[in-house]
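Okay, structure first, notes after.
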Number of protein chains: 2
Amino acid sequence: MPTISDIALERLDTTDPLRHKRAEFSLPDGVIYLDGNSLGVLPSAVKQRVQKTVEEEWGVSLIRGWNKHEWIDLPITVGNKIARLIGAEAGSVLAADSTSLNVAKAVFAAFSLNPERRVILSDSGNFPTDLYITQSVVAQMGEGYSLKIVAPDEVYDAIDETIAATLITEVDYRTGRKHDMAALTARAHDAGAIAVWDLCHSAGALEIDLTGVGADLAVGCSYKYLNGGPGSPAFIYVAPKHQKQVKPVLTGWMGHEKPFAFDLAYIPAEGIRRMAAGTPPVLALSALDAALDAWADVDMRQVREKSIALSELFIAEVEERCVGLGLELVSPRNAAERGSQISFRCADGYAVMQALIAHGVIGDFRAPDIIRFGFTPLYVGYHDVAKAAETLEMILKTKEWCKPIYRVQEKVT
Amino acid sequence: MPTISDIALERLDTTDPLRHKRAEFSLPDGVIYLDGNSLGVLPSAVKQRVQKTVEEEWGVSLIRGWNKHEWIDLPITVGNKIARLIGAEAGSVLAADSTSLNVAKAVFAAFSLNPERRVILSDSGNFPTDLYITQSVVAQMGEGYSLKIVAPDEVYDAIDETIAATLITEVDYRTGRKHDMAALTARAHDAGAIAVWDLCHSAGALEIDLTGVGADLAVGCSYKYLNGGPGSPAFIYVAPKHQKQVKPVLTGWMGHEKPFAFDLAYIPAEGIRRMAAGTPPVLALSALDAALDAWADVDMRQVREKSIALSELFIAEVEERCVGLGLELVSPRNAAERGSQISFRCADGYAVMQALIAHGVIGDFRAPDIIRFGFTPLYVGYHDVAKAAETLEMILKTKEWCKPIYRVQEKVT
């Protein structure tokens with residue numbers, strides 16, 4: 001049984017202050033897309049922008065495009081658009097490279113800001129790539145350097161005078177559990193540590209105030225809630241107070257003070273540009289630049305409020321409809337402790353998700369037994385959420401998911 | 001006076017075995033483009049491919065695109081297309097990240113293959129980003145590690161038993177001077193060193209035989225002769241014999257044996273995939289994938305032969321027409337010692353190049369006094385080259401370049 005009437009749903013959708021944003025996205029027909037936390041939907045403006053970049057800018061201006069179309073500035077102009085969404089100052093965010101590589105840059109940078117210490121603290125809920133690359137960075141730093149991994153709820157107490165930097169992903173990619181960024185940053189600073197934040201599952205979903213919490217460094221991706229497209233460029237933030245001190249390690253020519261002087265010696269650029277390495281990926285940055293324009297008139301508080309309302313509705317509907325069907329909420333029940341996704345443990349999660357997808361509700365699966373649903377307030381409405389819960393109920397009650405076609409594991413989910 | 005008759009030019013163009021390739025590129029009207037060594041021309045097939053990737057793949061398939069459109073395999077499928085053009089085995093090239101970051105990966109990898117040694121040898125003609133990032137890598141490796149930079153013609157003799165690896169760019173970005181890849185690789189091996197090659201100014205321009213010369217590692221870019229678009233993904237090569245031994249340092253999740261198992265511990269993938277770090281940039285890789293299709297029916301020997309013929313014609317025409325006008329050939333006069341560009345020293349090179357561009361001949365300028373002309377056999381013909389020389393003569397003789405509009409320095413040239 002639903003927990004909400006059609007009339008109430010209708011009222012929620014019609015009074016939604018973000019309702020007009022959906023028209024700016026190219027949502028395929030017949031799809032309820034609850035996977036924008038993995039790959040965001042195509043903003044319609046990206047189509048024209050990419051075509052223009054390819055045909056008019058590259059095709060016609062050719063090499064002159066670097067100046068004429070300001071390609072060379074894209075890492076900064078795109079970075080500034082992201083900055084506004086994460087509470088960062090203009091000139092403090094660079095759009096470049098992948099999140100993994102930006103984590104490497106940030107960890108090296110943290111050691112340069114805190115050279116007397118040798119331990120990076122992270123938690124077992126962090127996305128694995130952060131841990132993989134940090135493990136390599138500490139090994140590269142030399143004798144005595146290490147990555148310490150504790151359980152997510154042990155991070156606060158584990159921050160002590162040995163820690164050079166914390167490297168924490170604000171929102172857990174599986175459960176949606178959210179760390180308290182202000183409290184952990186303050187604790188890190190009290191202990192003399194640098195606070196590095198991974199915002200992959202936060203940027204575009206939560207109200208983030210990097211300046212307000214005093215974060216030192218941050219990284220994040222743009223292909224989830226920011227809708228930059230598959231594998232779109234990531235970003236790195238360096239607090240203005242650290243920009244003169246921070247020592248880049250992946251020192252490519254685009255981070256040089258004067259890249260076109262072609263000097264043999266590296267001198268880091270002023271400001272955030274020193275975190276740049278190679279030639280900027282113009283097609284990808286153009287797509288992301290256009291995608292970010294969808295945020296120009298958006299108030300992140302409204303995004304967060306709607307994200308919570310959608311999530312609460314989904315939990316209520318699923319728990320009411322699917323009682324006794326083997327689902328267990330693994331996301332925190334308290335909305336203040338969650339990001340913008342809801343995850344359930346589900347023994348046959350892979351097959352259940354495949355069946356859901358076949359019935360037009362796209363979420364995703366994370367091994368071994370988590371089904372995830374992301375809520376992207378710019379293009380998901382209350383009717384979508386109710387319909388998704390109804391479909392999940394149908395699939396579990398009819399055992400639709402038992403069909404063999406839903407059980408073939410693919411490489412990526 | 002021209003050195004060649006119109007009839008002879010006509011015959012060269014009509015008998016050119018690569019003549020049909022030009023129709024596959026979107027060359028703007030009225031432009032003679034001699035800067036494909038900096039940013040290649042748009043292959044027409046890229047337009048449709050990018051539109052398809054954005055609108056049909058991302059827009060409709062959304063997260064399912066990773067499997068359905070094999071996005072996840074793009075670094076390898078694109079890498080294999082590049083492999084064919086550089087004499088590399090299938091499965092030995094990965095398309096990923098920027099050249100700068102791939103240089104860092106390659107240098108770290110070289111140390112892992114030759115752990116007893118601590119010196120990287122390069123030369124002062126190398127592109128600066130290679131030197132900048134290698135300087136950081138050796139500093140990161142610790143005490144006693146260093147980057148030794150000698151003059152280009154001193155490289156051979158400088159390879160001794162202290163050298164862990166040579167890091168040499170085959171073709172000098174300013175002069176076009178070409179190193180002898182076979183000789184230097186053999187010399188490196190004789191001395192127990194690893195040979196790392198940067199093919200940025202070679203791939204798509206020269207006959208390269210990585211397998212034949214026994215190169216150990218290589219990197220290169222795809223936005224020059226390979227026409228992948230501004231800032232398109234770079235590539236990295238690891239010789240098959242080293243793929244099991246090579247230890248990646250920038251260890252992101254895409255280089256993991258099982259990225260979607262989300263294990264906390266990093267285990268490198270088999271083969272070239274271990275050199276991957278973050279999520280692949282799908283839009284950029286799709287564009288590059290389509291761009292590389294232009295090479296499917298191309299014989300690199302014909303490319304090299306035409307490149308030499310175009311270059312020889314250009315030198316002859318310029319030297320005949322511009323005698324006494326202050327130009328000095330800085331590229332080697334012997335075609336076997338050059339890549340696919342011709343550079344002249346020219347005291348007012350910046351203004352001269354701006355005037356040339358205004359008159360439809362696009363080359364570029366490299367500080368302090370080099371004007372460069374690149375020859376891309378797939379879309380440049382003999383008439384183009386003759387016309388470019390004629391235009392240069394006119395600009396120098398009329399002192400067209402002295403006009404103030406040509407003297408305003410822009411950020412990027």
Side-chain angles (χ1 to χ4, degrees), chain A residues 26 28 33 35 38-39 41-42 46-47 50-51 54-55 58-60 62-63 65-67 71-72 98-101 104 124 128-129 131-133 135-136 140 142 229-231 249-253 256 260-264 266 277-284 287 362 364 366-367 410-412, chain B residues 26 28 33 35 38-39 41-42 46-47 50-51 54-55 58-60 62-63 65-67 71-72 98-101 104 124 128-129 131-133 135-136 140 142 229-231 249-253 256 260-264 266 277-284 287 362 364 366-367 410-412:
Chain A
S26 294
Y33 194 64
D35 209 9
S38 189
L39 175 63
V41 162
L42 170 64
V46 169
K47 298 181 215 174
V50 169
Q51 190 177 12
V54 170
E55 300 189 23
W58 173 18
V60 178
L62 289 161
I63 192 67
W66 287 105
N67 284 316
W71 294 343
I72 198 74
S98 63
T99 304
S100 303
L101 293 171
S124 55
T129 204
L131 304 177
Y132 300 159
I133 210 157
Q135 193 67 62
S136 289
Q140 206 53 54
V249 163
L250 298 173
T251 49
W253 70 314
H256 192 281
F260 295 94
F262 301 104
D263 293 331
L264 292 189
Y266 179 80
T279 305
V282 171
L283 298 193
I362 302 181
D364 65 19
R366 281 293 174 257
E410 287 178 316
K411 223 172 340 187
V412 187
Chain B
S26 295
Y33 194 64
D35 208 9
S38 188
L39 174 64
V41 162
L42 170 64
V46 170
K47 299 181 214 173
V50 169
Q51 189 178 13
V54 170
E55 301 188 22
W58 172 17
V60 177
L62 289 160
I63 192 68
W66 287 104
N67 283 315
W71 294 342
I72 197 76
S98 62
T99 305
S100 303
L101 293 171
S124 56
T129 204
L131 304 177
Y132 300 160
I133 209 154
Q135 193 67 63
S136 288
Q140 206 54 52
V249 164
L250 298 173
T251 50
W253 70 314
H256 192 281
F260 295 95
F262 302 104
D263 293 331
L264 292 188
Y266 178 81
T279 306
V282 172
L283 299 194
I362 302 182
D364 66 18
R366 282 291 174 260
E410 287 179 314
K411 223 172 342 189
V412 187

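Quick note: numbers below take in every heavy atom, side chains included, and nothing from hydrogens, waters or symmetry partners. On a predicted model such as this, the values are computed, not experimentally measured, just so you know.
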Worksheet entry | Which atoms of A:Thr99 approach chain B - backbone, side chain, both or neither, heavy atom under 4.5 Å | neither
Discussion item. If I measure from the heavy atoms of chain A, does B:Val54 come under 4.5 Å with its side chain, its backbone, both, or neither?
Written reply: both
Discussion item. Please classify the contact of A:Val41 with chain B as side chain, backbone, both or neither, using a heavy-atom distance under 4.5 Å.
Written reply: both
Worksheet item: Under a 4.5 Å heavy-atom cut-off, does chain A meet the side chain of B:Pro280, its backbone, both or neither?
Response: backbone
Discussion item. Could you report the tightest heavy-atom contact between A:Pro28 and B:Val60, atom names first, then the distance?
Written reply: CG-O, 3.8 Å
Worksheet entry | Side chain / backbone / both / neither for B:Ala277 at chain A, heavy atoms under 4.5 Å | both
Practice prompt. Grab the two heavy atoms, one from A:Ala287 and one from B:Leu283, that are nearest each other, plus how far apart they are.
Written response: CB-CD1, 3.7 Å
Worksheet entry | Part of B:Gln135 lying under 4.5 Å from any heavy atom of chain A | neither
Discussion item. So, taking the atom named CH2 in B:Trp71 and the one named CG in A:Leu39, what distance separates them when rounded to the nearest 0.5 Å?
Written reply: 5.5 Å
Worksheet item: How far apart are the closest heavy atoms of B:Trp58 and A:Val46, and which atoms are they?
Response: CZ3-CG1, 3.9 Å
Worksheet entry | Sub-4.5 Å side-chain heavy-atom contact between B:Pro128 and A:Trp253 | no
Discussion item. Need one label for B:Ser98: side chain, backbone, both or neither, based on atoms under 4.5 Å from any heavy atom in chain A.
Written reply: side chain
Discussion item. Once rounded to the nearest 0.5 Å, what's the spacing between atom CD1 of A:Ile362 and atom CG of B:Leu62?
Written reply: 6.0 Å
Discussion item. Quick check for you: to the nearest 0.5 Å, what is the distance between A:Gln140 atom CD and B:Gln140 atom CD?
Written reply: 6.5 Å
Worksheet entry | Distance (rounded to the nearest 0.5 Å) between A:Leu131 CG and B:Tyr266 OH | 13.5 Å
Worksheet entry | Which of B:Ala367, B:Ala261, B:Gly229, B:Gly65 touches chain A most, by non-hydrogen pairs under 4.5 Å | B:Gly229
Worksheet entry | chain A contact via B:Leu101 - side chain, backbone, both or neither, heavy atoms under 4.5 Å | side chain
Discussion item. What's the separation between atom OG in B:Ser136 and atom CG in A:Leu250, rounded to the nearest 0.5 Å?
Written reply: 7.5 Å
Response to the item:
Under 4.5 Å to a heavy atom of chain A? For B:Glu55 that would be both
Discussion item. Given 3.5 Å as the limit, does a donor-acceptor pair link the side chain of A:Thr251 with the main chain of B:Tyr132, or not?
Written reply: yes
Worksheet, complete the sentence: Heaviest contributor of heavy-atom pairs below 4.5 Å to chain B, chosen from A:Thr279, A:Leu264, A:Ile133, A:Val50, is A:Ile133
